[in-house]
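Down below is the structure, laid out as C-alpha cells.
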Amino acid sequence: MANSAIDDTYERAVGLFNVNRIDDAVDLITADLDQRPDDGRLWELLGTLAYAKEDFKLALTAIERASLLIPLSPRAQLVLAKCYDRGGFRESASAIYCHLATLPDLAVDLLATLAAGLGRCGECELALQVCRRAAESFPDRADPHLGIVHYMRRLRRPVKQILPSMFRAHHLEPENVEYRVRLAWMLHESGCSAAGAYLLEGVDCEEFSCIRCLTLMQTIFDSVGDETNANVCRQRLAILASDWSSPDSDN
C-alpha cells in the first residue's frame, strides 16, 4: 500500500512537470515527504525538479538526502554535479562528471549538459568523447559537431583534423551565418583563404552585429585582396564601435 502511494505521488509529480506545473509538482512531493521522509526516490525527484525551477539550494539538499538513501540515477548524479559546479565545488563536480562519462548507456539527452560540465572542469578530452557520442546519437543535428570543433580547438588539434566536423555542422545548417564564418576562418587558417572568401560572398555584412565575426571576415577578405568586401566589414565595425561608445548605448 505504501509503495503504491509513493508510486502515485511520483507519477503525478512527473505529470505536473510535463505540463510545466513545476511548483505544484514540488509542493506535492514536499507534502508527501513530510509523511515518508525516508523515500530516496522522491527526494531524488524533488532535487531534479527543484533544479529545473532554479531553486539550487533545495536541489542540492534534496539530492544529497537522496544519496544517503538510494543509489542515485545518472540524471540525479548530473544534477548533483551541476549543483556542486554552481557552488564552486569544482573538484567534486569534476569527479561526478568524469564518472558519468564512463557510463556506456547514459541517456542521450544528458550528453550535451555533461560535455559542457566536463569542459568547465577542464576535462576537454572527455568532453570531446561525449560530443562524439552525441554526434553519433543525433546525426542530423549540428550542435554536437560544433562541440567537437570547440573541444578540438581547446585541445590544440591541427585545423585540418577539425575541418571535417566544421564542414558537417555547416552542411547540416547552411543558413547559420556564424557556422559559415567559422568554416571560412578555418579554411583561411589552413591556407585556403580563397575558398573561405568564396564561402562568405553571400553574407550580408551590413546586417551583422557580431564584432568578432566581422573582424574575421575582414581579415579573410583582406588576405585575398577583396577591398570592396573588406571595406564593408570595416565600415560596419566602425558603426558598431560608434554605437558602443554612444552615451545612450546602455539605454
Side-chain angles (χ1 to χ4, degrees), residues 1-123 126-127 129-131 133-135 137-138 141-144 146-147 150:
M1 192 71 165
N3 285 338
S4 176
I6 292 168
D7 289 342
D8 180 61
T9 299
Y10 193 97
E11 296 301 327
R12 285 169 59 201
V14 171
L16 289 168
F17 172 76
N18 288 336
V19 294
N20 206 31
R21 293 173 58 187
I22 303 178
D23 289 335
D24 292 337
V26 168
D27 290 343
L28 174 65
I29 297 171
T30 302
D32 206 309
L33 284 170
D34 286 340
Q35 306 300 317
R36 283 179 282 272
D38 294 328
D39 189 271
R41 195 159 163 256
L42 286 181
W43 280 112
E44 182 181 82
L45 181 59
L46 176 60
T48 302
L49 297 184
Y51 193 93
K53 68 189 290 280
E54 299 186 352
D55 187 342
F56 305 118
K57 183 177 180 181
L58 175 59
L60 178 58
T61 299
I63 294 289
E64 286 187 329
R65 179 71 178 269
S67 71
L68 300 175
L69 300 167
I70 59 170
L72 293 178
S73 68
R75 191 175 300 275
Q77 290 179 53
L78 186 57
V79 171
L80 181 60
K82 291 194 291 183
C83 286
Y84 286 150
D85 205 343
R86 289 185 62 88
F89 302 105
R90 192 56 59 83
E91 258 186 62
S92 298
S94 180
I96 299 172
Y97 289 138
C98 290
H99 164 69
L100 291 172
T102 68
L103 301 181
D105 55 350
L106 190 68
V108 293
D109 65 305
L110 302 181
L111 294 176
T113 302
L114 175 57
L118 287 164
R120 282 193 300 274
C121 293
E123 297 289 346
L126 279 176
Q129 293 175 26
V130 171
C131 287
R133 289 169 61 182
S137 300
F138 303 106
R141 281 175 48 178
D143 46 317
L146 257 293
H150 174 72

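In this chain, residues are counted from 1 in sequence order.
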| query | Distance from Asp39 atom CG to Asp32 atom CG, nearest 0.5 Å? | reply | 7.5 Å
| task | Answer yes or no: does atom CZ of Phe138 have more than 12 heavy-atom neighbours from other residues, nucleotides or ligands under 6.0 Å? | result | yes
| task | For residues Leu72 and Ala66, report the shortest heavy-atom separation together with the two atoms involved. | result | CD2-CB, 3.8 Å
| Just how far is it from atom CZ of Arg21 to atom CG of Leu49, taken to the nearest 0.5 Å? | 13.0 Å
| Can you tell me how far NZ of Lys57 sits from CZ of Arg86, rounded to the nearest 0.5 angstrom? | 14.5 Å
| Backbone N/O of Val14 and side chain of Asn18: donor-acceptor pair under 3.5 Å | yes
| query | Is Arg141 reaching over with its side chain to a backbone N or O of Ala134, donor-acceptor style, under 3.5 angstrom? | reply | no
| query | Rounded to the nearest 0.5 Å, how far apart are CG of Leu103 and CD of Gln77? | reply | 7.0 Å
| request: Can you see which heavy atom on Leu60 is nearest to which on Leu80, and at what distance? | output: CD1-CD1, 3.7 Å
| query | So, for Arg90 and Cys121, which heavy atoms are closest and what is the spacing to 0.1 Å? | reply | CD-SG, 3.1 Å
| Sidechain-backbone polar pair: Ser94 side chain, Glu91 backbone, donor-acceptor under 3.5 Å | no
| message | Using only atom types and a distance under 3.5 Å, with no angle test, would you say the side chain of Trp43 pairs donor to acceptor with the backbone of Thr61? | response | no
| Going through the distances and angles, do Leu46 and Leu58 end up as a side-chain contact (heavy atoms from CB on, under 4.5 Å)? | CA-CA 8 Å; Leu46 176 60; Leu58 175 59; 4.2 Å; yes
| Any sub-3.5 Å donor-acceptor pair from Thr113's side-chain atoms to Leu110's backbone N or O? | no
| Minimum heavy-atom separation for Ile63 to Glu44, with atom names? | CD1-O, 3.6 Å
| query | So do Phe17 and Thr48 actually touch side chain to side chain, heavy atoms under 4.5 Å? | reply | no
| message | Can you give me the closest heavy-atom contact between Ala13 and Leu28, atom names plus distance? | response | N-CD2, 3.7 Å
| At what distance, to the nearest 0.5 angstrom, does CG of Leu111 lie from CG of Leu100? | 10.5 Å
| said: Please give me the minimum heavy-atom distance between Leu126 and Ala101, naming the atom from each residue. | reply: CD2-CB, 4.2 Å
| message | Run the side-chain contact (heavy atoms from CB on, under 4.5 Å) test on Leu78 and Tyr97 for me, step by step, so that the C-alpha distance in whole Å, both residues' side-chain angles and the decisive distance to 0.1 Å come before the verdict. | response | CA-CA 7 Å; Leu78 186 57; Tyr97 289 138; 3.7 Å; yes
| When rounded to the nearest 0.5 angstrom, what is the spacing between CG in Leu106 and CG in Leu114? | 6.0 Å
| Partners meeting side chain to side chain contact (heavy atoms under 4.5 Å, CB included) with Ala135 (sequence neighbours left out) | Pro144, His145, Ile148
| said: Does any part of the side chain of Val26, heavy atoms only, come nearer than 4.5 Å to the side chain of Asp55, both counted from C-beta? | reply: no
